Engineer: 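Have a look at the structure that comes next, please.
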Amino acid sequence: MEEESELLKKRREKIDSLKADGIDLYPNDARVGDTTASVSERFGPMTAEELEKITERFTLAGRLMAVRDFGKGAFISIQDRKGRLQAFLRKNQLGEKTFSLFKRLDVGDIIWVAGRVFKTRTGELTIDVEENGLRLLSKSLRPLPEKWHGLTDVEIRYRQRHLDLIVNPEVRKVFQQRSRIISLIRRFMEERDFLEVETPMMQPRAGGAVARPFKTFHNALGMNLFLRIAPELYLKRLITGGLERVFEINRSFRNEGISTFHNPEFTMMEFYQAYATYEDLMTMTEELFVHIVRKLFDSTKFSYQGKEIDLSPPWRRLTVRDAVVEIGGVETAVLDDAGRMADHARKLGVEVKQSDPPGKVLMAIFDETVEQNLIQPTFVTHYPVDVSPLSRRNAEERTLADRFELYICGKEIANAFSELNDPVDQRGRFEMQLREREAGDLEAHEMDEDYIGALECGMPPTAGEGIGIDRIVMLLTDSASIRDVILFPLLRTRDDWGHLAARCPHDND
RNA sequence: GGGUCGUUAGCUCAGUCCGGUAGAGCAGCGGACUUUUAAUCCGUUGGUCGCGGGUCCGAUUCCCGCACGACCCA
């Protein structure tokens, strides 16, 4: 048994003392009528004289965050989901018993107070706690992090997010913003008559994107399953099924490295619209983003990590080829010669295989030279078909796809294309992907006969898009790391002794 | 996978360069105080110095390895 700290011992002593007085440490019968915000919004603007006429009684519950004790009186701060409010405890008003309860409370306890409002000499709105108007609702055994610096150790912040949320109000705000952003997106889609759907996260084949999946196993069915890397192929079956406009906001999983912009599970919105083109989606994307930032900031501008971003449309549109020439500084002649292009890529330090199709090499050059320079919102268009196995071919340029990616602040935020609905072409694309897989590309797409079968029933001409929700939230909350916008980012597990938990041997097939 | 940095009290941090078993603030505990708000004042408790090994009379400090985390690179 591990030694208990002095602090914990003291708390246990208090608990024993409270129990001895017949005080329930975890009661569940308190009724809460108000919030810190409902009270302060209503009475904050009033003067002390005006408040004297208010005889209404308020009941609040929340966490005790600070105590300023004066012996026979004390100020305390109560924090609920909406914020903080101060309360004043007076011995002669609370009564002997209740005041003695207060003396045994700790910062961190969940409490309930009742009383009227008044303003202190310094003008702060305060609850004047009435007789017996203080109750303990839940006893805290552990001390909270420090009141002034809060909790800054990022590892503890992520591992014990509850502490982070209690003591760092700006963290709570980020997650409130996240919820708001998702809600705004949902509303926007519903207004355009899109139907929200849910498709499988456990899939017999992980398709719809170029990435490595997590593998799992269903015991009863004796079946290998993969966590989805994208919902795409299922959503398009729904388009074939006649739903015409669908969207899904949910998790996808990619078995890849972790960085400030990558978490193994992340949230994406994918949506598909029949009888639309990727060009329609560019306009719609502009409208969506403007809708969000106007509601959030009442402006089309915001700043991210010191960079001023302006989302007022129309956004810059640039082909991959033009981007590589203009921004990447690559000569046109190099791009027209597969051999020279591969040499150029190698010069940039990119690993190029003999089997890599030219489109893949071009995109490697793009990633290396262009991506991080696209700060203001930019639609990059005309992707090579080689790297777009599910996209429709451009009517004029058959080696190019009707596809765009959206970049903001040097990061990919969205990926969209007119969908390939020709089952014969689709089979050919999958076959090409299979050849890349055989050449060692573990991310290449697999053959999916079920999906081709669905296309053979006739899928209407459609455009679809995937938008990285975590990344949007990062941008709009000025968060430097994706871990700051995901409540419980993936970290290595540790047991109570600080050792790594047992790792399962993994199979590589 | 590689590099850099970090890990010291419940929290926020000093100290380690130059080896002699650790300090502050907040929190806690005791006392004073009924309009404070990082309340104040007086007193005071609290440490496997991330883990393991090596060198040494002696290691939180030097060396090696490991773990976890952060950032950068691939």
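Bear in mind that the values here come from a model prediction, so they are computed numbers and not experimental data. Every chain is numbered from 1 and lettered A, B, ... according to where its sequence line falls, protein lines coming before strand lines.
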Engineer: Counting side-chain heavy atoms from C-beta on, which of B:G28, B:U34, B:A70 comes nearest to A:Lys72?
Structural biologist: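 Selected nucleotide (nearest to the side chain): B:U34.
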Engineer: Applying the Watson-Crick and G-U wobble criteria at under 3.5 Å, what pairs with B:U36? Answer none if nothing qualifies.
Structural biologist: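 Pairing partner, where one exists within any strand: none, as none qualifies.
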Engineer: How about A:Gln160: does its CD atom have over 12 heavy atoms from other parts shown lying under 6.0 Å from it?
Structural biologist: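 More than 12 within 6.0 Å, yes.
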Engineer: Say you pick atom P in B:G46 and the same atom in B:A22; how far apart are they, in whole Å?
Structural biologist: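 Their P atoms lie roughly 13 Å apart.
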Engineer: I'd like to know if A:Asn92 reaches the base of B:U34 with its side chain such that a donor and an acceptor end up less than 3.5 angstrom apart.
Structural biologist: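 It does, because a donor-acceptor pair links the side chain of A:Asn92 to the base of B:U34 below 3.5 Å.
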Engineer: Given atom CG of A:Leu89 and atom C1' of B:U35, what is their separation to the nearest angstrom?
Structural biologist: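 Value for this atom pair: 13 Å.
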Engineer: Whether the A:Ser388 and A:Arg403 side chains hold a donor-acceptor pair (N or O, under 3.5 Å, no angle test) is what I'd like checked.
Structural biologist: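 Per modelled atom types, A:Ser388 and A:Arg403 side chains form a pair under 3.5 Å.
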Engineer: Given B:C71, is OP1 or OP2 found less than 4.0 Å from the side-chain N or O atoms of A:Arg483?
Structural biologist: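 Yes, A:Arg483 has a side-chain N/O under 4.0 Å of OP1/OP2 on B:C71.
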Engineer: Closer than 3.5 angstrom, by distance alone: can the side chain of A:Arg471 be matched with the main-chain N or O of A:Glu412 as a donor-acceptor pair?
Structural biologist: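 At least one qualifying donor-acceptor pair exists.
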Engineer: Does a donor on one side chain sit under 3.5 Å from an acceptor on the other, for A:Asp80 and A:Thr35?
Structural biologist: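 Note: A:Asp80 and A:Thr35 side chains miss the donor-acceptor criterion.
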Engineer: Using the six-membered ring for Trp and the full ring for Phe, Tyr or His, decide whether A:Phe70 stacks on the six-membered base ring of B:C33 (centres under 5.5 Å, planes under 30°).
Structural biologist: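 So no, this residue does not stack on that base, at least one cut-off failing.
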Engineer: Using a cut-off of less than 4.0 Å, is there contact between a side-chain N or O of A:Arg11 and OP1 or OP2 of B:G10?
Structural biologist: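 For B:G10, OP1/OP2 do not have a side-chain N/O of A:Arg11 under 4.0 Å.
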Engineer: State the pairing partner of B:U61; accept Watson-Crick or G-U wobble contacts with both distances under 3.5 Å, and report none otherwise.
Structural biologist: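 Its partner: none found.
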Engineer: Looking only at side-chain atoms of A:Arg121, point me to the closest of B:U35, B:G28, B:C68.
Structural biologist: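 For the A:Arg121 side chain, the nearest candidate turns out to be B:U35.
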Engineer: Would the base of B:U12 count as contacting A:Thr152 through its side chain, where contact means a donor and an acceptor less than 3.5 Å apart?
Structural biologist: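 Result: no qualifying N/O pair found.
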Engineer: Could you tell me how far B:U8 sits from B:G15 if I compare only their C1' atoms? Round to whole Å.
Structural biologist: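 So the two C1' atoms sit 9 Å from each other.
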Engineer: So if I take every side-chain heavy atom of A:Thr126 and compare against B:U36, B:A38, B:U12, which nucleotide ends up nearest?
Structural biologist: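 Selected nucleotide (nearest to the side chain): B:U36.
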Engineer: Nearest whole angstrom, please: distance from the P of B:G28 to the CD of A:Glu13.
Structural biologist: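 Checked: the CD to P distance equals 15 Å.
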Engineer: Quick one: look up who B:U7 pairs with, Watson-Crick or G-U, both distances under 3.5 Å, and put none if it's unpaired.
Structural biologist: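 Across any shown strand, B:U7 pairs with B:A67.
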Engineer: Which nucleotide in the list B:C26, B:C71, B:C68 gets nearest to the side chain of A:Glu146?
Structural biologist: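 Of all the options, the side chain of A:Glu146 is nearest to B:C26.
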Engineer: Counting just side-chain N and O atoms, does A:Lys14 come under 4.0 Å of either OP1 or OP2 of B:C29?
Structural biologist: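 So the side chain of A:Lys14 is within the cut-off, an N or O lying under 4.0 Å from OP1 or OP2 of B:C29.
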Engineer: Of the nucleotides B:U36, B:U34, B:G69, which one has an atom closest to the side chain of A:Phe88?
Structural biologist: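 Per side-chain heavy atoms of A:Phe88, the pick is B:U34.
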Engineer: Would you say the base of B:U35 and the side-chain of A:Glu124 have a donor-acceptor pair closer than 3.5 Å?
Structural biologist: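 No pair found.
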Engineer: For A:Tyr407, which of A:Phe379, A:Trp315, A:Phe366 qualifies under ring-ring contact (aromatic ring centres under 6.0 Å, His included)?
Structural biologist: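 That would be A:Phe366.
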Engineer: For the side chain of A:Leu491, counting heavy atoms from C-beta on, which of B:G10, B:C71, B:A70 is nearest?
Structural biologist: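 From the listed options, B:A70 comes nearest.
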Engineer: Rounded to the nearest 0.5 Å, how far apart are NZ of A:Lys307 and CD of A:Gln376?
Structural biologist: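 If we round to the nearest 0.5 Å, A:Lys307:NZ and A:Gln376:CD are 10.0 Å apart.
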Engineer: Between B:C33, B:A38, B:C11, which nucleotide gets closest to the side-chain atoms of A:Lys147?
Structural biologist: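 Nearest to the side-chain atoms of A:Lys147, counting from C-beta on, is B:A38.
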Engineer: Output the single nucleotide from B:A70, B:C11, B:C33 whose closest atom is nearest the side chain of A:Asp69.
Structural biologist: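 The answer is B:C33, which lies nearest to the side chain.
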Engineer: Look at the side chain of A:Arg492 and decide which nucleotide, out of B:C71, B:C29, B:C68, has an atom nearest to it.
Structural biologist: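 Of the candidates, B:C68 comes closest.
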Engineer: Taking only the side-chain nitrogens and oxygens of A:Arg68, find out if one of them lies under 4.0 Å from OP1 or OP2 of B:A39.
Structural biologist: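 Yes.
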